[in-house]
2 protein chains.
Amino acid sequence: MSKGEETRAAILDAALAQASTAGFESLTIGTLAERTGLSKSGLFAHFGSREELQVAAVEAAAARFTETVFLPALKARRGLPRIRALFEGWLDWTERNGLAGCPMQAAAVEFDDRPGQVRDAVLAHYKRLEQELGRAVELAIGQGHLRADLDVEQFVFDMLGVIFAYYHSARLFRREEAVARARKAFERLIAAAAPAA
Amino acid sequence: MSKGEETRAAILDAALAQASTAGFESLTIGTLAERTGLSKSGLFAHFGSREELQVAAVEAAAARFTETVFLPALKARRGLPRIRALFEGWLDWTERNGLAGCPMQAAAVEFDDRPGQVRDAVLAHYKRLEQELGRAVELAIGQGHLRADLDVEQFVFDMLGVIFAYYHSARLFRREEAVARARKAFERLIAAAAPAA
DNA sequence: TGACAAAGCGCACGATCGTTCGTATCGTTA
DNA sequence: TAACGATACGAACGATCGTGCGCTTTGTCA
């Protein structure tokens with residue numbers, strides 16, 4: 001990794017930490033420069049514009065998510081075990097990356113009504129996320145772990161809901177029982193999608 | 001309503017519109033002054049600080065939510081009908097108020113890791129929301145519409161998840177079928193909570 | 001090791017930020 | 001209508017915003 005790439009990675013590290021606690025709108029060149037020990041202009045040169053910086057931060061978050069959630073889940077057996085691995089990884093991927101809230105959700109909420117490159121990047125991430133999740137569900141159906149007539153998109157929709165409710169309960173309310181509630185909701189989802197006995 | 005109260009209400013109208021599309025961090029004195037035709041200092045005098053303005057905007061959103069969702073739902077018969085009314089009102093309360101996204105969710109995500117008055121106000125709203133929702137569920141249990149041994153808090157958790165997944169699907173993905181997905185998920189929740197036949 | 005490109009800094013710019021203050025105009029009530 | 005408080009404005013402040021430019025330092029490779 002060249003010097004430039006190294007610095008760029010360090011900047012994005014700081015950017016993710018910042019965005020996860022205070023949102024992407026709080027990502028300013030000045031504060032980020034101070035946080036990384038760079039000069040404003042030096043930092044700026046790595047991205048060319050603030051919007052590019054925000055896009056890069058979203059993409060960095062997506063990359064982290066892939067490393068922390070997707071790739072490890074591939075080691076689980078296909079079918080239900082893999083879906084469970086995805087779910088569990090999803091619950092704590094932010095902590096495991098030293099982040100506060102989920103930067104992806106923050107970006108989604110902040111930019112869902114603001115057209116531009118950032119919104120496009122967020123959309124791309126969630127599109128891919130739903131695809132991968134859908135594929136995992138279909139594999140589970142193929143394995144006979146889930147009902148053959150299961151509404152896959154609905155299952156993905158429901159699973160996203162559980163995650164969002166978890167983030168809400170854990171971050172805003174700081175509830176300890178959030179994980180337990182999320183797991184219970186998830187298991188009920190799985191049970192409802194189980195093949196007829 | 002005195003002149004001052006009138007102006008203040010107009011400012012908060014504009015603030016909610018702004019916050020619902022671009023987030024609370026985008027609420028600046030300058031843009032809001034231009035939007036309302038006031039001078040910066042004239043607008044500022046109504047709140048005393050930017051943070052107070054943000055708090056007032058959160059409380060205005062909560063008031064709108066009460067008017068648009070809570071109060072109408074009280075007209076429905078207690079029990080399941082009222083819970084359904086709450087759910088349906090919740091789905092479209094932002095549209096009915098001419099807003100883009102849900103300002104309350106935006107505030108929750110933006111401030112969940114930032115201590116201060118704004119976070120406190122958001123927390124108070126969601127606390128009350130959960131209380132009211134929980135009471136409605138208990139009434140439904142009393143009416144025999146839902147299982148007596150239902151985990152009320154879990155039901156509220158699950159319902160919140162459905163709403164968040166709906167917002168995500170509708171606002172970020174702009175999916176037409178988001179409402180249908182949300183209703184399906186909600187009905188499954190109700191079915192799982194139904195009394196043993 | 002010398003040369004060339006990559007990386008970073010310092011300084012400056014116009015704009016906007018939140019906030020303060022003195023002054024003018026308005027609304028309300030006696 | 002006179003008077004007085006409520007409401008709004010204009011101008012200014014120091015700070016910070018994103019961005020551009022020229023220069024120096026550093027890393028990299030022939």
Side-chain angles (χ1 to χ4, degrees), chain A residues 1-19 21-60 106-107 110-111 114-119 121, chain B residues 1-19 21-60 106-107 110-111 114-119 121:
Chain A
M1 188 154 60
S2 77
K3 182 75 196 315
E5 288 169 335
E6 222 166 84
T7 307
R8 192 185 149 101
I11 295 172
L12 291 178
D13 263 14
L16 281 189
Q18 167 94 12
T21 67
F24 278 76
E25 199 55 42
S26 84
L27 281 187
T28 78
I29 310 281
T31 60
L32 218 46
E34 196 169 4
R35 208 187 250 258
T36 52
L38 287 173
S39 67
K40 272 177 43 170
S41 52
L43 187 145
F44 183 82
H46 281 273
F47 302 95
S49 78
R50 184 165 102 107
E51 192 176 15
E52 294 280 0
L53 163 65
Q54 289 174 322
V55 170
V58 168
E59 283 167 354
E110 279 188 67
F111 290 93
R114 263 192 288 181
Q117 302 177 50
V118 183
R119 192 189 123 89
Chain B
M1 188 155 62
S2 76
K3 182 75 198 312
E5 287 169 336
E6 222 165 85
T7 307
R8 194 185 148 101
I11 295 172
L12 291 176
D13 261 15
L16 281 189
Q18 168 93 13
T21 65
F24 277 76
E25 200 55 42
S26 83
L27 280 187
T28 79
I29 310 281
T31 60
L32 217 46
E34 195 169 5
R35 208 186 250 258
T36 53
L38 287 171
S39 67
K40 272 178 39 170
S41 53
L43 187 146
F44 182 84
H46 281 273
F47 303 95
S49 78
R50 183 165 103 108
E51 193 177 15
E52 293 280 0
L53 163 66
Q54 289 175 322
V55 170
V58 168
E59 284 167 354
E110 278 189 68
F111 290 92
R114 261 191 290 181
Q117 302 178 49
V118 183
R119 193 189 122 89

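In what follows, chains carry the letters A, B, and so on, assigned in the order in which the sequence lines appear, proteins first and then strands, with residues in each chain numbered from 1.
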Output the rounded distance in Å from [atom1] ([X]) to [atom2] ([N]).
X       : N      : atom1 : atom2 : value
B:Lys3  : D:dC9  : NZ    : P     : 8 Å
B:Phe44 : C:dC21 : CZ    : P     : 11 Å
B:Phe47 : D:dA8  : CZ    : C1'   : 14 Å
A:Leu38 : C:dG10 : CG    : P     : 11 Å
B:Glu5  : C:dC26 : CD    : P     : 21 Å

Working to the nearest 0.5 angstrom, can you tell me the gap between A:Phe24 CZ and A:Gln18 CD? 10.5 Å
Below 4.0 Å: OP1/OP2 of [N] and any side-chain N or O of [X]:
X       : N      : answer
B:Ser39 : D:dA11 : no
A:Ser2  : C:dA7  : yes
B:His46 : D:dA6  : no
A:Thr7  : C:dG8  : yes

Does [X] reach a base, just sugar-phosphate, or nothing at all? Heavy atoms under 4.0 Å.
X       : answer
B:Ser41 : base
B:Thr28 : sugar-phosphate
B:Leu43 : nothing

Indicate, yes or no, whether a donor-acceptor pair under 3.5 Å links the base of D:dG18 to the side chain of A:Lys40. yes
Salt-bridge contact A:Glu110-A:Arg119 (side-chain N to carboxylate O under 4.0 Å): no
